[in-house]
Every structure is written in structure tokens, then in C-alpha cells.
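Below: one structure, written as C-alpha cells.
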Amino acid sequence: MKKINKRIKIVGAIVLFHLFLPLFGQNQPKNMEENNADKPLYRDKIYDGAADPTLIWNKKEKKWFMFYTNRRANIGGNGVSWVHGTPIGIAESKDGAHWTYKTDCKINYTLKDVTYWAPEVIENNGKYHMYLTIVPGIFEDWYHPRYIVHLTSENLIDWKFESRLNLASDRCIDASVFRLPNGTWRMYYNNENEGKSIYYADSVDLYTWTDSGKKVVKDRGEGPKVFRWKNNNWMIIDSWKGLGVFSSEDFVNWKRQEHNILQIPGTGLDDKVIGGHCDVIVQGDKAYVFYFTHPGRTPENKGIDSYETRRSSIQVAELEYSNGEISCDRNKRVTIKLTPTKKQRIK
């Protein structure tokens, strides 16, 4: 009788175990799966040309917004006209792992066939500021004027024109803005007339900017992104051979590390080519690089101009730090759950 009761207890325990196992199996693994970043992270549903991402927390909607240059990959056209006439798209996410198209920015700065490139968006004292590259038209080649304008917004969708910035030349693009330790603001940008090198300007109020006239990074590159991580100041630029990484103690003298990141193609979907123009979001001890790829620009497609070589995707990878240098393994699964933050003040 004792043996029978013991067997009944064992069988009952097994039954209960199997009844509750699905519940245990759903909890943590499901949450982990929910926080696994999509691969690719995002593709635009209008033109399929998302590039040059920049992220910011929308306080009112309690979501992350990703602003991006929306290259018109699916329209045809001669030369590089498809990279002109571009709107600024917005994607939204609650966690940074999954993104959906929201809308296009409504920008109160209109010209015939205006081109919008490379938005930089920050928040200060409850107001949002955008520093946006303008090309005054749609062109089939690259050599035309471009400049940076300042816009402001209360809701991150409707943008009011404030001013056109007076910088080092008539061909300046790709603003990156952050706050220095003394409380003033600094903007790095690409001066195309000086070998596509990196210059900077300073401001005390985000409205009036004084250009330094200094070339602080002589290496050719664009899309500078400055951030603080691991007790150091970093700048990442798009070198067209992956992303070049620099560090500095004084924000003027920048030392380049030997190895680029995202230069070696990955193995993931839409990630088998070099990475380009990025944003970096720091979350405590972790840092994530959001970049774009042209998935069709593989060696076998060299010289081919088609929808497949024009389209682009946004990707994300986690940065790693070792022996004073930054690296990243783009093939690692990214588990990410971004929390509310704003552009860093450099300390």
C-alpha cells in the first residue's frame, strides 16, 4: 500500500510539473525573445532606403523615435538623383529591438525639389532641436552646394525653421551635437571642400554658432558621432571602409585606433557588406551602434546600379571595449531593451 501511495505521489508530481512547465517556459525565454533585435532591424516601407539613423526618446509618447534619411531606392532615375529629393522618415519603438514606420517629418523649410539628409536630433529644456543637411534640389551627381539648418519642435514631428548655419564652407553636411563639460554645445560636421574632413563649431544656446575653422580629423570621412563611454570620449565616422574610431581627452586632438569596426561583412540578413553612417546609444555599461547597410553591394554586384544595390537597411550591434579600443561582433545576437535617456553631456 505504501508503495502504491508513493507511486501515486510521484505520478502526481510529474503531472503537475508538465502542467506548469509551459508557464515557466513562456516567461523568461519569451521575454528574452521579445528583446532580441530584429535582423535587419528596420526597412522603410515607402522607398526602402533608410540610412543615417539617429535615435531619441519621445517623452510624450513614451517611445523611441528613429529619424533617418529616406533614400528613394525604388524610384529609378539617373546618376544619384535617387539620393536627392529625400524626406526624413521616422520609425518608432518601445524597446529598440522592434521598429515600425511612424511618419515623415513635417519640415517648415521648403525649396523646389529640396533634399533632406542626415538629421541630428537632441532635446534641451523640453524643446527638440534638429540640425539638418539641406541640398537645394535634385541632382544626378554629387558636387552641389549643401548646408546645415537649425529646426525646432515640440512634438518631434512638426519642425520650425530657425536659421541657416554659417560654417566653414558652402558644402558642409552631417551635424553631430553634444554638450561639453563647461555647459556649452559643440557641433562636429563634415567639410566636403576640405577633403571631407571633420570641423567643429560651438554655441552657448543652440541658436548662435561660432565656427572654429579647425580641421580636427584630417582623415576622409563623414557622419561623425560623438559619445562618452568607458570613461573616454569617442568619435565614430563613416570611412566607407567600415567605421573609423577615434578617442580624445580635449575634444580637439583625436587619435584614431588601428582597426575600423563594421568593415568585415557579417553573416546576417542584409548585413553581408560594410556598415555605414551610425548613431550610438549608451545605456549604462552597454553601448549600441545603429548603422545602415546597402545589402546588394556585394563583390559580385560591383558596378551595378539597380534597386537591389540602392536599397538600404538599418542594423544594430553591441559595442565591446578591450585594451583601450572599441570593437563589435555584428554576428552576435543583440538583446536590447532601451530605457528613456537623452543625448549625453560629455563629462
field: side chain to side chain donor-acceptor pair (under 3.5 Å) partner of S239, the single match among R256, R220, E222
entry: R256
Tell me the closest heavy-atom pair linking [X] and [Y], and the distance in Å.
{"X": "G275", "Y": "Y291", "result": "CA-CD1, 3.7 Å"}
{"X": "C105", "Y": "W159", "result": "SG-NE1, 3.8 Å"}
{"X": "P145", "Y": "R171", "result": "CA-CG, 4.2 Å"}
{"X": "L269", "Y": "Q315", "result": "O-NE2, 3.1 Å"}
{"X": "R43", "Y": "S313", "result": "CG-OG, 3.3 Å"}
{"X": "V316", "Y": "A37", "result": "CG1-CB, 3.7 Å"}

Pair [X] + [Y], salt bridge at N-O below 4.0 Å:
{"X": "D158", "Y": "K106", "value": "no"}
{"X": "K230", "Y": "D285", "value": "yes"}
{"X": "K332", "Y": "E318", "value": "no"}

Should the pair [X] and [Y] be assigned to parallel (<30°), tilted (30 to 60°) or perpendicular (>60°) ring geometry?
{"X": "Y109", "Y": "F161", "value": "tilted"}
{"X": "W64", "Y": "W57", "value": "perpendicular"}
{"X": "W142", "Y": "H84", "value": "tilted"}
{"X": "H144", "Y": "F139", "value": "parallel"}

Spacing of [atom1] belonging to [X] relative to [atom2] belonging to [Y], to within rounding of 0.5 Å:
{"X": "R186", "Y": "F251", "atom1": "CZ", "atom2": "CZ", "answer": "7.5 Å"}
{"X": "S93", "Y": "L55", "atom1": "OG", "atom2": "CG", "answer": "8.5 Å"}
{"X": "S327", "Y": "L262", "atom1": "OG", "atom2": "CG", "answer": "10.5 Å"}
{"X": "T133", "Y": "I148", "atom1": "OG1", "atom2": "CD1", "answer": "5.0 Å"}
{"X": "F292", "Y": "I274", "atom1": "CZ", "atom2": "CD1", "answer": "8.5 Å"}
{"X": "T100", "Y": "D38", "atom1": "OG1", "atom2": "CG", "answer": "10.5 Å"}

How about [X] and [Y]: does a side-chain donor come under 3.5 Å of a side-chain acceptor?
{"X": "D270", "Y": "T293", "answer": "no"}
{"X": "S248", "Y": "D250", "answer": "yes"}
{"X": "N191", "Y": "S169", "answer": "yes"}
{"X": "Y321", "Y": "W234", "answer": "no"}
{"X": "N193", "Y": "D170", "answer": "yes"}
{"X": "Y189", "Y": "Y131", "answer": "no"}
{"X": "D113", "Y": "T115", "answer": "no"}
{"X": "Y307", "Y": "D48", "answer": "yes"}
{"X": "S306", "Y": "E308", "answer": "no"}
{"X": "N190", "Y": "K196", "answer": "yes"}

Main-chain N/O of [Y] paired with [X] side-chain donor or acceptor, under 3.5 Å:
{"X": "E162", "Y": "T152", "result": "no"}
{"X": "N301", "Y": "I304", "result": "no"}
{"X": "S153", "Y": "N155", "result": "yes"}
{"X": "R297", "Y": "T309", "result": "yes"}
{"X": "H259", "Y": "V245", "result": "no"}
{"X": "R330", "Y": "I264", "result": "yes"}
{"X": "R72", "Y": "S81", "result": "yes"}

Hey, are the side chains of [X] and [Y] touching, using non-hydrogen atoms and a 4.5 Å cut-off?
{"X": "H294", "Y": "R311", "value": "no"}
{"X": "M130", "Y": "F67", "value": "yes"}
{"X": "W209", "Y": "V177", "value": "yes"}
{"X": "Y128", "Y": "F65", "value": "no"}
{"X": "E192", "Y": "I173", "value": "yes"}
{"X": "P224", "Y": "D174", "value": "yes"}

- request: Check whether F290 and W117 end up in the same hydrophobic cluster, where Ile, Leu, Val, Met, Phe, Trp and Tyr are linked by side-chain heavy atoms less than 4.5 Å apart.
  value: yes
- prompt: In terms of hydrophobic clustering (I, L, V, M, F, W, Y; side-chain heavy atoms under 4.5 Å; direct or indirect links), are I237 and V252 co-clustered?
  reply: yes
message: Let's go through S203 and D205 carefully: what are the C-alpha distance in whole Å and the side-chain angles of both, what is the deciding distance for side chain to side chain donor-acceptor pair (under 3.5 Å) to 0.1 Å, and is it a yes or a no?
response: CA-CA 6 Å; S203 175; D205 60 4; 3.2 Å; yes
message: Would E120 and K225 count as a salt bridge (charged side-chain N to carboxylate O under 4.0 Å, His left out) here? Give the steps.
response: CA-CA 10 Å; E120 165 72 325; K225 183 58 56 177; 3.1 Å; yes
query: With sequence neighbours excluded, what pairs up with K215 under the salt bridge (charged side-chain N to carboxylate O under 4.0 Å, His left out) test?
result: E194
